Amino acid sequence: MIRAGVANLDRSAKGKFIVQPAGDQVAELKKIEHTPFFEKVRSTEMVSLYGNEEVWKAFGYQGASYRFGGYLHHGFNDLNWLPDPPEAANPKPA
Amino acid sequence: MARFDNNDDSVVLIIGSGAGGGTLANELCHKGFKVVMLEAGQRQSPATFHNDEWFAFKQLAWLDKRTSSGSWRVAKDFPNLPAWTCKTVGGTTVHWAGASLRFQEHEFKARTTYSNISGTNLLDWPIGLADLAPYYARAEDKMGVTRTNDIPGLPGNNNFKIMYNGATSVGYKTVHTGRMAINSRPRDRRSSCWQMGFCFQGCKSGAKWSTLYTEIPKAEATGKLDLRPGSQALQIQHDDNGKATGVLYADKDGKHIVQKARIVCVACNSIESARLLLNSASSKFPHGLANSSGQVGRNYMRHTSGSVYGIFDKPVHMYRGTVMAGIITDEAELNTKRGFAGGFEMETISLGLPFAAAFLNPGAWGRDYASVLEQYPNMAGMWIVGEDMPQATNAVTLHPTEKDQFGLPIPNVHYDDHPNDIAMREYGYKRGAAIYEAVGAIKTIAVPPYPSTHNMGTCRMSERPGDGVCNKWGQTHDVKNLFISDGSQFTTSGGENPTLTIVTLAIRQADHIAAENTRQNL
């Protein structure tokens, strides 16, 4: 399915899809966005790209916190651009 | 650990080890009953949980194939995953966020309160808040719910700070860090919360209540619990008199075994509980066990849900700390002036980056979506959880052709949003957006419902046997030694997260079983 899908993209793009300008690539992908090939690539890429720890760093996502004892002492309530809610609504940590 | 003989017909057999089954097992063991508990999934522990969304999903979620249909968007986005529940010892209490709210008095009288809304199958519960109040108190003590029993609330995280400031800016009055079954102080030999995040992935500190490491080991300590993980119930069997006699199940090696029992309790979560009854049809019960009403599988409810995320120009890091870190309850009160019946809670929610990519706009791709995800560190999020309407045609049915690995029909879950559900969701989206805009959101996103974690109503309680599957004790109208012990017995969904009420009903049911046993009525 992947091979055939890539071949179809190259054929449709009248040349190597990979070297087309970004705008043309998006236009080609729009045409096939409801095909099983596209959905397979999209969903796989979604999981692998946004599940990649190297990518997380670029997004400011710190991921697993167990290894350093949770965010309790690592910024779980460090937001300082709004006032702290009153203690009745927002008790202090134990 | 106890091991009872398969032919020992004096045992109580409980199917499912989650909020309902796990609690019921512990209560019954402490009353001296011998209990066999079948659990389809494997046994994990805080040591084997991972702070990793996809890993935990594969480790804990119920992934056996299901199909879905109807107008709800889940059927389009996640056609084979209508529900996000668990297949593991502890059931969905491993995954739940911990919000523990009592139902309100008027919610037990939904038919009377909202009258007969067209297209619904509304019915009053056969019980009210007064019946449950003492059991709610026992459940809250058992689970260590914050803001009850002198247990302090949890400290709020960044996501809560945004919710609080936004909500109070638009005039909401009741906003706090919730009633949570997560320890704010060490209690019941479990630690206090580390603000790890990853509540949905199994709590690695054990601060969040789960039957896995509370009810179940306490039941095992009595020497009365025979827990059998990896055991998939296939059929409930009965005798010529229509009494349940035991359960056919596939054990961890796939071997078919019959466990005899004198009482059978079904607590498999609403989809599997209904499927099991339907798959237990016989010549005596041709439409499924305990289904003379025709209501088994019907009135499936999943809460009017939806999420709102706000994007700010400053960092939030919503993923740090408890997932449900705060709540606004103002919209949950009875209020007929909004154009819909029922109320809803607004509760903070957060997703890690992997699940944010998967759920913020399922199926989306391209530059626009990527640029939304680039704002991830500056996002705050909330979940809308509100009362949805029971409809006879929203139903769990047996698939006409597709079979599971045991040769039994898989379930189809059909759900059409009722106009009332849609009106509530749209209103909730607007209120959520207003809250975030009040504290400077540069963009808000209305996110469609995730696969259902709150599954209710497929074996509902009713006063009259013709209106539902079980009576006010969860005892089926048709088979007196067969009980429904999970959220499927809910007559209506209320606007509150269901777990506290499931636990409450299980404690009450255990008292009833013991009393009826003493009276030799079962």
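Just so you know, these numbers use all the heavy atoms, side chains as well, and skip hydrogens, waters and symmetry mates. Every value quoted in this text rests on a predicted model; they were computed, and no experiment measured them. Every chain is numbered from 1 and lettered A, B, ... according to where its sequence line falls, protein lines coming before strand lines.
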(message) Out of A:Ala89, A:Gly70, A:Pro93, A:Ala22, return the one with the most heavy atom pairs under 4.5 angstrom to chain B.
(response)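 Counting heavy-atom pairs under 4.5 Å, the top option is A:Ala89.
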(message) Heavy-atom pairs under 4.5 Å with chain B: which of A:Val47, A:Val55, A:Leu49, A:Asn80 has the most?
(response)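 With the most close heavy-atom pairs to chain B, the winner is A:Val47.
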Which atoms of [X] come close to chain B, meaning under 4.5 Å heavy atom to heavy atom: side chain ones, backbone ones, both, or neither?
| X | answer |
| --- | --- |
| A:Leu29 | both |
| A:Asn52 | neither |
| A:Gln62 | both |
| A:Ala58 | neither |

Atom group of [X] that falls short of 4.5 Å from chain A, counting heavy atoms:
| X | answer |
| --- | --- |
| B:Phe55 | neither |
| B:Ala370 | both |
| B:Leu373 | both |
| B:Tyr319 | both |

Considering only heavy atoms and a distance below 4.5 Å, find which of [options] pairs most often with chain A.
| options | value |
| --- | --- |
| B:Arg147, B:Arg367, B:Gln375 | B:Arg147 |
| B:Thr146, B:Asn51, B:Leu154 | B:Asn51 |
| B:Ser184, B:Pro186, B:Ala364 | B:Ala364 |
| B:Gly321, B:Gly366, B:Gly363 | B:Gly363 |

(message) Could you check whether B:Lys204 makes a cation-pi contact with A:Tyr66, meaning its NZ or CZ is under 6.0 Å from the centre of the six-membered ring and within 45° of the ring axis?
(response)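 Output yes; distance and angle both within limits.
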(message) Would you call the rings of A:Tyr61 and B:Tyr376 parallel, tilted or perpendicular, taking 30° and 60° as the class edges?
(response)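 A:Tyr61 and B:Tyr376: perpendicular rings.
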(request) Assign the ring pair A:Phe68 / A:His74 to parallel, tilted or perpendicular, where the plane angle (0 to 90°) is split at 30° and 60°. (result)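 Geometry flag for A:His74 against A:Phe68: tilted rings.
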Check: [Y] main-chain N/O paired with [X] side-chain donor or acceptor under 3.5 Å:
| X | Y | result |
| --- | --- | --- |
| B:Glu53 | B:Gly352 | yes |
| B:Lys208 | B:Cys199 | yes |
| B:Tyr436 | B:Gly381 | yes |
| A:Glu33 | A:Phe38 | no |
| B:Thr348 | B:Asn159 | no |
| A:Trp81 | B:Pro315 | yes |
| B:Asn183 | B:Arg190 | yes |

(request) Would you please indicate if the ring centroids of B:Phe57 and B:Trp54 are separated by under 6.0 Å? (result)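 Distance test on ring centres: under 6.0 Å, yes.
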(message) I want to know whether B:Trp96 and B:Phe200 have ring centres closer than 6.0 Å.
(response)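 Distance test on ring centres: not under 6.0 Å, no.
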(message) Can you tell me how far apart CD (B:Glu437) and CZ (B:Phe312) are? Round to the nearest 0.5 Å.
(response)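 If I round to the nearest 0.5 Å, the distance is 9.5 Å.
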(message) To the closest 0.5 Å, what do you measure between CG (A:Asn77) and CD (B:Gln195)?
(response)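 One finds 7.5 Å between CG of A:Asn77 and CD of B:Gln195.
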(request) Would you please go through residues 168-180 of chain B and name the residues with a non-hydrogen atom below 4.5 Å from one of chain A, in numerical order? (result)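 Counting heavy atoms that sit under 4.5 Å from chain A, the residues of residues 168-180 of chain B involved are B:Val175, B:His176, B:Thr177.
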(message) Strictly less than 4.5 Å between heavy atoms, which residues of residues 353-361 of chain B line up against chain A? Please order them by number.
(response)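 When heavy atoms of chain A are the reference, residues 353-361 of chain B contributes B:Leu353, B:Pro354, B:Ala357 within the under-4.5 Å range.
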(message) Using the rule side chain to side chain donor-acceptor pair (under 3.5 Å), only one of B:His50, B:Gln201, B:Gln44 pairs with B:Gln59; which is it?
(response)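 So the option named by the test is B:Gln44.
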(request) Scan side-chain atoms only and decide if A:Asp78 and B:Asn158 contain a donor-acceptor pair under the 3.5 Å cut-off. (result)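 Judged by distance alone, the side chains do pair up.
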